[in-house]
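Proteins get letters first, then strands, A, B, ... in listed order; numbering begins at 1 in each.
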2 protein chains.
Amino acid sequence: MPDLIHDGDSAAAVSSLRSAVMLLGRRLKHQRVDESLSPTEMSVLGTLARCGSATPGELARKEHVQPPSMTRIVALLEAKGLVRLEPHPDDRRQKMVSRTEQAEAMLAESRDKRNAWLADLAEGLDEEEWEKLRAAAPVLEKLAHL
Amino acid sequence: MPDLIHDGDSAAAVSSLRSAVMLLGRRLKHQRVDESLSPTEMSVLGTLARCGSATPGELARKEHVQPPSMTRIVALLEAKGLVRLEPHPDDRRQKMVSRTEQAEAMLAESRDKRNAWLADLAEGLDEEEWEKLRAAAPVLEKLAHL
DNA sequence: CGTAACTCATTAGCAATGCTAAATACCAAC
DNA sequence: GTTGGTATTTAGCATTGCTAATGAGTTACG
């Protein structure tokens, strides 16, 4: 396999990417639509939006959190009316967690707010720069999920 | 000014960028070189590396943290031998915080570790994808600092 | 079968890290 | 000099993560 990224230019790109992603990520995290929801709670709702429904254990793995932490997060989300818990069809140890309509509305609002913030920021770029970013967006998304 | 980013494709790109950056940022955060240092402590050291030295109040503002939190962070860093505290030349209320040589070594190691992790991840991309990312890296960095 | 080993979720208790309010020390302006 | 403002710290609390241990349920194997 060709070693794509171990030349000097690529090392610079990696470093640049790292610092930019970390800083942008931190700034995005602060753009919250509902102060009463922690970033992890939002993230769990986001995962549920992608997966439809999942067990607490699956959620814990996907969020890189230990199962007991997920237990509490799910309990808090349920108390806020943002997720629903149903018995697992095949395994009575597990539960199925799914989001409510209320959660969907909040997620949409949150995505919109962060997107708007990011779009505003992107107004500071010129057309050529923006084109490069557009081309790279799907790649970055793939990278994040590798 | 042409409204570069308010068409459909660009909205998709913004959304894609947002979710990728948030996820990648979270994953990068977990790549720590020294488990005994919190992300904020690392960040303070990074800020000190850029600024040379600063008062606790300045650091608190730059890190978006309240002054009492910074007091504790600085105290912990001092206990670990990573920062030095000196009296402020003009104002006896304030102190000057600066990093030690040990802190510089750790910062470099940390950057290297995160870069290596990211570079490994990038091995999962093909050449064309990687090229797009390389082109976008400086733009992303500019965006993050806007 | 039935028991042993495993898995999932939860409970209990702890550590880290942020916050606010109040206290302390100092500066500055009148 | 007194009064008001600023920098830092102290004290106490909330949040959010963790590990260890428990309980309930499933699976595999004799």
K.L.:
Toward the 5' end of DNA chain D, which comes first, B:Pro56 or A:Arg72, by nearest nucleotide?
P.N.:
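Result of the comparison: B:Pro56.
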K.L.:
Round to the nearest Å and state the distance from A:Glu63 atom CD to D:dC18 atom C1'.
P.N.:
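Distance, rounded to whole Å: 17 Å.
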K.L.:
D:dC18, D:dG25, C:dC19: which one has an atom nearest the side-chain heavy atoms of A:Arg92?
P.N.:
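The nucleotide sitting nearest to the side chain is D:dG25.
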K.L.:
Could you report the tightest heavy-atom contact between A:Lys80 and A:Gln102, atom names first, then the distance?
P.N.:
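Scanning both residues, the minimum pair turns out to be O-NE2, 3.7 Å.
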K.L.:
Whole-Å distance between C:dC8 P and A:Lys62 NZ?
P.N.:
14 Å
K.L.:
Please confirm whether the shortest side-chain N or O distance from B:Thr55 to OP1 or OP2 of D:dT8 is below 4.0 Å.
P.N.:
yes
K.L.:
Side chain of B:Val65: nearest nucleotide among C:dC19, C:dT10, D:dC18?
P.N.:
C:dC19
K.L.:
Without decimals, in angstroms, what is the distance between B:Lys95 NZ and C:dT24 P?
P.N.:
16 Å
K.L.:
Report the distance from atom NE2 of B:His88 to atom C1' of D:dA7, rounded to the nearest whole Å.
P.N.:
10 Å
K.L.:
Mind calculating the distance between CG (A:Asp90) and C1' (C:dT7) to the nearest angstrom?
P.N.:
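Checked: the CG to C1' distance equals 15 Å.
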K.L.:
On DNA chain C, check which nucleotide each of B:His64 and A:Arg93 is closest to and give me the residue with the more 5' one.
P.N.:
A:Arg93
K.L.:
Does any non-hydrogen side-chain atom of A:Met42 lie less than 4.5 Å from one of A:Met106?
P.N.:
yes
K.L.:
Using whole Å, what does the distance between atom C1' of nucleotide D:dT15 and atom CG of A:Asp34 come to?
P.N.:
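About 15 Å, once rounded to whole Å.
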K.L.:
What I want to check is whether the side chains of A:Ser10 and B:Arg134 have a donor and an acceptor closer together than 3.5 Å.
P.N.:
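Present: a donor and an acceptor within the cut-off.
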K.L.:
Would you call B:Glu86-B:Lys95 a salt bridge at under 4.0 Å N-O?
P.N.:
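No salt bridge links B:Glu86 with B:Lys95.
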K.L.:
Does B:Ser38 have a side-chain nitrogen or oxygen under 4.0 Å from the phosphate oxygens OP1 or OP2 of C:dT17?
P.N.:
yes
K.L.:
Expressed as a whole number of angstroms, how long is the span from A:Ile73:CD1 to D:dT15:P?
P.N.:
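It is 14 Å, rounded to the nearest whole Å.
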K.L.:
Rounded to whole Å, how long is the line connecting atom CG of B:Leu76 with atom P of C:dA15?
P.N.:
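B:Leu76 atom CG is separated from C:dA15 atom P by 15 Å.
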K.L.:
Check whether the side chains of A:Glu41 and A:Ser38 place a donor and an acceptor atom closer than 3.5 Å, and report yes or no.
P.N.:
yes
K.L.:
Would you please confirm or rule out a distance under 4.0 Å between OP1 or OP2 of C:dT7 and any side-chain N or O of A:Gln94?
P.N.:
no
K.L.:
Using heavy atoms to find the nearest nucleotide of DNA chain D for A:Asp91 and A:Gln66 separately, return the residue whose nucleotide is more 5′.
P.N.:
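Mapping each residue to its closest nucleotide by heavy atoms, the 5'-most match is A:Gln66.
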K.L.:
OP1 or OP2 of C:dG18 sitting under 4.0 Å from any side-chain N/O of B:Ser69?
P.N.:
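False: B:Ser69 side-chain N/O out of range (4.0 Å or more) of C:dG18 OP1/OP2.
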K.L.:
The side chain of A:Pro68 is closest to which nucleotide in this list: C:dT20, C:dT11, D:dT8?
P.N.:
C:dT11
K.L.:
Measuring to OP1 and OP2 of C:dG18, would you say a side-chain N or O of B:Thr40 lies under 4.0 angstrom away?
P.N.:
yes
